[in-house]
Amino acid sequence: MTAAQEVREKALAVASTQVGVREKSRNSGPEVDAYLRSVGLGPGYAWCAAFVHWCFDQGSAALALDNPCPRTAGALRLFEMATSSGWQVAPADVLPGDVFVIDHGHGLGHVGFTESRKDDNSWWTVEGNTNPGGSREGDGVYRRTRRRDEITRGYVRVGGT
């Protein structure tokens with residue numbers, strides 16, 4: 001197993017431990033504030049990409065490796081930075097720990113982790129700043145199901161193969 005694979009597995013494991021975290025006020029709370037600090041922001045910002053970065057930060061630190069995840073709170077910016085490194089993944093090749101990216105238009109997006117394939121058209125996911133309905137501006141970290149057609153921007157394998 002490569003170091004990049006180990007980091008992705010560890011980041012996904014960290015993300016799973018956060019399921020159930022909830023905001024205490026809009027885009028804020030002890031855990032949410034920590035996610036945002038990992039990308040250099042204070043409370044009050046959308047935090048799905050910061051959550052992904054924080055999980056990679058924790059996983060990398062546990063393995064004494066550098067964090068390969070782009071340091072950004074922007075979902076679409078994370079996608080741009082990862083794809084410029086050649087980390088985009090075809091839908092058929094998605095693995096647990098890969099990051100999905102949804103483009104909602106007008107510069108708004110959402111990201112989260114793929115956890116396990118549910119069937120040919122959907123994945124179990126772990127994602128921050130969502131809710132049971134799948135909002136991009138939710139209230140916590142949830143385990144959800146995402147259909148392949150919801151993933152409008154694509155998938156990235158942070159750190160490469």
Side-chain angles (χ1 to χ4, degrees), residues 1-23 27-103 109-118 122-130 136 138 140-146 148 151-161:
M1 177 181 303
T2 69
Q5 290 170 314
E6 287 183 74
V7 169
R8 280 192 303 277
E9 284 186 10
K10 187 61 109 172
L12 177 59
V14 168
S16 295
T17 70
Q18 300 300 291
V19 171
V21 165
R22 298 293 182 266
E23 297 174 349
N27 290 329
S28 186
E31 298 92 344
V32 173
D33 295 351
Y35 307 150
L36 286 164
R37 274 193 307 275
S38 80
V39 295
L41 293 174
Y45 292 89
W47 52 274
C48 62
F51 171 71
V52 167
H53 180 271
W54 181 87
C55 292
F56 272 100
D57 221 25
Q58 301 301 302
S60 298
L63 297 169
L65 296 170
D66 291 333
N67 183 350
C69 187
R71 187 174 189 245
T72 181
L76 301 181
R77 180 72 180 133
L78 187 148
F79 183 80
E80 291 166 8
M81 294 169 80
T83 55
S84 71
S85 297
W87 298 345
Q88 189 165 5
V89 181
D93 298 327
V94 174
L95 297 172
D98 287 342
V99 176
F100 70 83
V101 184
I102 299 171
D103 187 338
H110 182 69
V111 299
F113 288 95
T114 57
E115 185 175 44
S116 61
R117 192 176 300 276
K118 188 173 177 183
S122 63
W123 277 88
W124 287 108
T125 63
V126 177
E127 45 195 276
N129 201 22
T130 193
R136 62 163 291 281
V141 179
Y142 290 83
R143 181 169 278 115
R144 298 201 64 257
T145 299
R146 290 278 180 186
R148 186 182 286 183
I151 312 305
T152 54
R153 184 59 69 101
Y155 303 88
V156 292
R157 183 160 296 147
V158 172
T161 57

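By convention here, the first residue in the shown sequence is residue 1. Source: prediction; values computed, not measured.
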If you compare all heavy atoms of [X] against all heavy atoms of [Y], which two are closest, and at what distance to 0.1 Å?
| X | Y | result |
| --- | --- | --- |
| Ala15 | Val141 | O-CG1, 4.4 Å |
| Ala4 | Thr161 | CB-O, 3.5 Å |
| Leu41 | Ala73 | CD1-CB, 3.5 Å |
| Gly159 | Pro68 | CA-CB, 3.8 Å |
| Ala46 | Arg136 | CB-NH2, 4.4 Å |
| Gly128 | Cys48 | O-CB, 3.3 Å |

At what distance, to the nearest 0.5 angstrom, does [atom1] of [X] lie from [atom2] of [Y]?
| X | Y | atom1 | atom2 | result |
| --- | --- | --- | --- | --- |
| Ser16 | Phe113 | OG | CZ | 9.0 Å |
| Leu36 | Ser28 | CG | OG | 8.0 Å |
| Arg37 | Asp57 | CZ | CG | 12.0 Å |
| Leu76 | Asp103 | CG | CG | 4.5 Å |
| Leu12 | Leu95 | CG | CG | 11.0 Å |
| Lys10 | Leu65 | NZ | CG | 11.0 Å |

Full working for side chain to side chain contact (heavy atoms under 4.5 Å, CB included) between Glu115 and Thr125: CA-CA 5 Å; Glu115 185 175 44; Thr125 63; 5.7 Å; no
Which of parallel (below 30°), tilted (30 to 60°) and perpendicular (above 60°) describes Phe51 and Trp54?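 Rings of Phe51 and Trp54: parallel, as their planes differ by under 30°.
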All pairs passing side-chain hydrogen bond (donor to acceptor under 3.5 Å, both in side chains) where residues 83-100 contributes a residue, at least two apart: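 Every pair satisfying side-chain hydrogen bond (donor to acceptor under 3.5 Å, both in side chains) with a residue in residues 83-100: Asp98-Arg157.
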Does any non-hydrogen side-chain atom of Thr72 lie less than 4.5 Å from one of Met81?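 Yes, their side chains come closer than 4.5 Å.
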Evaluate Gln58 against Thr17 for side chain to side chain contact (heavy atoms under 4.5 Å, CB included), listing each step before the verdict. CA-CA 11 Å; Gln58 301 301 302; Thr17 70; over 6 Å; no
Set of residues satisfying side chain to side chain donor-acceptor pair (under 3.5 Å) with respect to Thr2, sequence neighbours excluded: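 Thr2 satisfies side chain to side chain donor-acceptor pair (under 3.5 Å) with Gln5 only.
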Residue list, side-chain contact (heavy atoms from CB on, under 4.5 Å) with Glu31, at least two apart or on another chain: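 Only Gln18, Val21, Tyr35 meet the side-chain contact (heavy atoms from CB on, under 4.5 Å) criterion with Glu31.
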With sequence neighbours excluded, tell me which residues meet side-chain contact (heavy atoms from CB on, under 4.5 Å) with Tyr155.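 Scan of Tyr155 (side-chain contact (heavy atoms from CB on, under 4.5 Å), adjacent residues dropped) gives Val89, Pro91, Val94, Phe100, Thr114, Trp123, Arg148, Ile151.
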I'd like to know if the side chain of Arg8 and the backbone of Val158 have a donor-acceptor N/O pair within less than 3.5 Å.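 A pair under 3.5 Å: yes.
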Residue pairs involving residues 65-77 (criterion salt bridge (Lys or Arg N to Asp or Glu O under 4.0 Å); sequence neighbours excluded):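 Sorted pair list: Arg77-Glu80.
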Who are the ring pair (Phe, Tyr, Trp, His ring centres under 6.0 Å) partners of Tyr142, not counting sequence neighbours?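 With sequence neighbours excluded, Tyr142 shows a ring pair (Phe, Tyr, Trp, His ring centres under 6.0 Å) to no residue whatsoever.
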